[in-house]
Amino acid sequence: MEDNLDLNKKLEMYRHSMAHIMAKAIVELFPNVKLAIGPAIDNGFYYDVDGVNITSEDFPKIESKMKDILMLNEDFKKVEVTRLEAMALFANQPYKLELISEIPDDEKITVYYTGDFYDLCRGPHVENTKFLRGFAYKLNKVAGAYWRGNEKNKMLTRVYAYGFLDKAELKECLKLEAEAKERDHRKIGKELGIFMTNDLVGKGLPMWLPNGFILRKQLSDYIMNKEIALGYKHVMTPSLGNVELYKTSGHWDHYKDDMFPAMELDNEAYVLRPMNCPHHMVIYKNFLHSYRDLPIRIAEIANDFRYEASGTLCGIERARAFTQNDSHIFCRPDQIKDEIKGVIDLILDVYKDFGFDKYEFRLSLRDKKNTEKYFGNDELWEKSEKALREVLFESNLKFYEAEGEAAFYGPKIDVQVKSALGHDVSLSTVQLDYQLPEKFDLDYVDENNTRTRPIVIHRAILGSIDRFTAFLLEETKGNLPVWLSPCQVKVLTISNNNDEYAKNVYNNLVNMGIRTELDLNNESIGKKVRNAVLKKIPYLLILGDKEMEDNTVSVRVRGANDTKTLSFDEFSSLIMQDIKNKK
């Protein structure tokens with residue numbers, strides 16, 4: 001092998017070669033399998049197959065067969081074939097035949113042989129299987145995948161594998177995988193009673209349980225109070241709208257494939273709304289505005305619906321029903337920079353409260369080579385992008401630009417927060433829009449008594465409250481800060497003799513507005529503590545005869561193994577300070 005290959009290209013080639021080895025192993029173990037495609041990916045490789053039921057229980061025998069194949073010292077032989085030869089080779093492989101039919105006549109068709117196994121492929125591959133013996137790999141999951149990513153096509157079985165050039169990288173990857181499973185918000189959400197899903201209700205339609213409702217309410221109240229203090233006016237609008245509303249806004253032409261189908265009623269067509277902008281435009285248009293009235297900041301905690309592909313659904317991180325912390329600011333041209341700076345200040349204030357300190361600003365621009373994806377004219381796009389860029393520079397914020405990431409009606413600033421697993425997650429966004437005011441013929445009367453077009457700033461601080469909750473659960477492993485925890489204190493009794501004292505402590509805490517639960521079950525204190533620890537409650541108060549006699553509480557703080565004794569006033573002062581400081 002050549003030693004001077006670029007490391008990334010070498011890694012991709014090794015992973016691609018291993019995908020062929022995995023396919024060969026699967027064919028030998030499951031002779032009736034139909035092969036689709038098997039590319040290299042960021043952390044390994046996969047192969048899509050059909051006609052067999054492969055589960056994780058099959059992984060050991062597939063890995064064993066792959067190991068045996070690598071020991072055969074077989075060459076990867078590239079062979080050019082004619083279209084007829086290719087069709088004959090893959091006569092029993094319908095997915096390969098479909099790919100062959102789409103290869104242009106002037107393009108060479110190549111097949112790679114590894115022993116008696118062959119696959120349609122452009123390559124490149126390693127020269128011989130012996131070069132792959134030191135490659136570190138491990139099959140890691142099976143998932144459903146639509147053929148060619150189109151949900152109208154058949155669902156295939158995708159077998160994933162991790163793959164790295166050395167064992168240390170694989171070990172680190174497996175460590176991160178284990179950490180990711182522990183942090184999975186779906187697992188934590190179930191354990192803590194945050195939300196549930198049920199196919200009888202519908203895929204991608206989460207139901208928030210009592211603990212989840214408390215958490216949602218805390219987040220909603222928190223951000224609404226912040227907004228009210230900054231002069232935002234909250235509204236409530238319907239969760240559906242007339243199709244004509246979305247035709248006016250332009251969403252029908254650009255977004256209808258992601259919307260639920262229209263409902264025909266009384267010679268009208270209605271759809272569940274995918275976003276709130278059109279409703280807010282209509283609210284603005286309902287009144288006559290003077291330049292002195294602007295800026296007008298309309299906000300809403302709004303339920304929205306999008307028909308996400310079933311393969312992309314993921315708990316409350318990506319669902320078909322979700323709630324947005326949404327707002328639209330209607331302003332004059334001379335107010336744009338101050339308003340965007342105000343939004344950025346709010347974002348930074350919120351991130352400070354949540355302890356987010358690893359984030360980047362991204363200026364998301366349109367793809368100038370694919371302008372049909374966007375509406376509006378070049379002049380307005382240039383003007384919008386320039387304004388956002390200037391705000392970032394003037395605010396001394398480090399940022400990077402990403403072409404093709406703009407919304408279809410305007411450029412935006414996205415805040416990419418680094419998660420505990422090292423992923424970049426878009427939480428907050430600010431978008432500048434000259435387009436919707438044109439679409440809805442919005443205006444205000446300027447100082448010259450002339451009707452003038454306002455500019456709209458779209459902004460979401462928490463983004464989707466559902467997705468924000470998923471992010472929080474994964475960041476904290478469910479150990480939510482005291483101010484957000486559905487249950488902040490649990491009162492536990494050592495024996496029934498302590499019940500009355502425990503009830504008094506419980507009532508006093510509830511009267512202070514502290515979310516408290518009381519456990520008077522006739523179980524051992526050890527079991528009561530274990531059950532409460534599993535629920536990740538910040539404070540446990542353990543009450544026995546001594547606490548009752550001394551009028552104290554024995555406090556166990558989440559994450560600690562020992563307890564400390566405090567007076568009730570000392571404890572109540574402690575927890576109230578924690579809540580106030582958002583500790």
Side-chain angles (χ1 to χ4, degrees), residues 181-198 206-218 315 469 472-473 476-579 583:
K181 287 180 179 178
E182 284 300 307
R183 290 181 181 274
D184 191 327
H185 79 276
R186 293 166 294 185
K187 172 179 176 290
I188 297 170
K190 181 178 181 180
E191 293 170 349
L192 301 187
I194 303 296
F195 72 96
M196 64 170 285
T197 57
N198 188 294
M207 293 180 288
W208 291 77
L209 302 174
N211 283 346
F213 181 81
I214 292 171
L215 177 53
R216 277 178 62 103
K217 186 176 185 302
Q218 291 302 309
T469 300
L472 276 182
L473 292 176
T476 64
K477 287 189 176 180
N479 297 298
L480 294 164
V482 180
W483 71 279
L484 277 178
S485 293
C487 175
Q488 296 167 320
V489 181
K490 189 147 192 175
V491 179
L492 314 172
T493 54
I494 292 177
S495 74
N496 292 339
N497 294 333
N498 316 123
D499 285 0
E500 288 306 312
Y501 179 58
K503 289 177 183 177
N504 287 334
V505 170
Y506 167 80
N507 288 331
N508 286 335
L509 289 170
V510 170
N511 289 336
M512 293 172 61
I514 296 170
R515 296 187 291 278
T516 310
E517 293 179 0
L518 177 62
D519 188 348
L520 301 178
N521 289 324
N522 190 23
E523 296 174 332
S524 71
I525 189 62
K527 186 172 183 181
K528 288 182 179 181
V529 169
R530 284 193 298 274
N531 289 339
V533 167
L534 289 174
K535 296 301 180 184
K536 305 188 177 185
I537 298 167
Y539 288 105
L540 307 183
L541 300 188
I542 301 168
L543 307 182
D545 293 340
K546 181 169 176 49
E547 287 77 17
M548 186 169 64
E549 291 170 8
D550 298 342
N551 199 29
T552 59
V553 293
S554 186
V555 183
R556 175 167 167 163
V557 180
R558 182 175 55 198
N561 293 319
D562 57 348
T563 61
K564 57 182 178 181
T565 302
L566 300 174
S567 69
F568 178 82
D569 288 343
E570 287 174 329
F571 172 70
S572 60
S573 176
L574 169 69
I575 189 171
M576 293 301 285
Q577 196 64 30
D578 281 355
I579 293 169
K583 184 176 178 180

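Predicted, not measured: the structure shown is a model, and the values here were computed from it.
- For the 3.5 Å distance criterion, the side chains of Thr493 and Lys528 qualify, holding a donor opposite an acceptor.
- Atom OG1 in Thr552 sits 7.0 Å away from atom NZ in Lys546 (nearest 0.5 Å).
- The minimum heavy-atom distance linking Ile188 with Leu473 is given by the pair CD1-O, 3.3 Å.
- Contact check for Ile575 versus Ile579: side-chain heavy atoms found under the 4.5 Å cut-off.
- A salt bridge links Lys490 with Glu517: the distance from a Lys NZ or Arg NE/NH1/NH2 to an Asp or Glu carboxylate oxygen falls below 4.0 Å.
- At least one side-chain heavy atom of Leu509 sits less than 4.5 Å from a side-chain heavy atom of Leu541.
- In this structure, Met576 and Ile514 have side chains that are in contact, with non-hydrogen atoms separated by less than 4.5 Å.
- One N or O on the side chain of Gln488 and one on the backbone of Val482 form a donor-acceptor pair closer than 3.5 Å.
- Within 6.0 Å of CG in Asn198 there are more than 12 heavy atoms belonging to other residues, nucleotides or ligands.
- The existence of a salt bridge linking Glu500 and Lys503 is confirmed by a sub-4.0 Å separation between a basic side-chain nitrogen and an acidic carboxylate oxygen.
- Minimum interatomic distance between Glu547 and Ser554 (heavy atoms only, all atoms of both residues): OE2-CB, 3.4 Å.
- Residues Lys535 and Cys487 are not in side-chain contact: their nearest non-hydrogen atoms beyond the backbone lie 4.5 Å or more apart.
- In this structure, the side chains of Asn496 and Leu520 stay at 4.5 Å or more apart for every pair of heavy atoms.
- No side-chain donor-acceptor contact under 3.5 Å links Arg558 to the backbone of Leu540.
- In this structure a side-chain-to-backbone donor-acceptor pair under 3.5 Å is missing from Ser573 to Glu570.
- The distance from the NZ atom of Lys477 to the CD atom of Glu191 is 11.5 Å, given to the nearest 0.5 Å.
- Not a single donor-acceptor pair under 3.5 Å links the side chain of Arg186 to the backbone N or O of Lys190.
- For the pair Leu543 and Val553, the minimum side-chain heavy-atom distance is below 4.5 Å.
- Here the side chains of Ile194 and Trp208 are in contact, with some heavy-atom distance below 4.5 Å.
- Annotation: the span from Asp550 atom CG to Asp545 atom CG amounts to 10.5 Å, rounded to 0.5 Å.
- Minimum interatomic distance between Phe195 and Gly315 (heavy atoms only, all atoms of both residues): CE1-CA, 4.1 Å.
- Of the possible donor and acceptor atoms, none in the side chain of Arg556 sits under 3.5 Å from a partner among the backbone N and O of Ile542.
- Panel note: side chain Asn498, backbone Ser495; a donor-acceptor pair is recorded below 3.5 Å.
- Considering only heavy atoms from C-beta on, Leu480 comes within 4.5 Å of Pro486 through its side chain.
- Counting only distance, with no hydrogens or angles, the side chain of Gln577 and the backbone of Leu574 share no donor-acceptor pair below 3.5 Å.
- When every heavy atom of Trp483 is checked against every heavy atom of Arg515, the shortest pair comes out as O-NH2, 2.9 Å.
- The aromatic rings of Tyr539 and Phe571 sit perpendicular to each other, their planes meeting at more than 60°, with 30° as the lower class boundary.
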Next on the checklist: Run Asn521 and Lys527 through side-chain contact (heavy atoms from CB on, under 4.5 Å) and show every step you take.
Outcome noted: CA-CA 10 Å; Asn521 289 324; Lys527 186 172 183 181; over 6 Å; no
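- When the side-chain contact (heavy atoms from CB on, under 4.5 Å) test is applied to Asn507, no partner is found at least two apart in sequence or on another chain.
- Between Leu209 and Gly193, the shortest heavy-atom contact is CB-O, 3.3 Å.
- Shown here for Gly478 and Leu192, the closest heavy-atom pair between the two residues is O-CD1, 3.6 Å.
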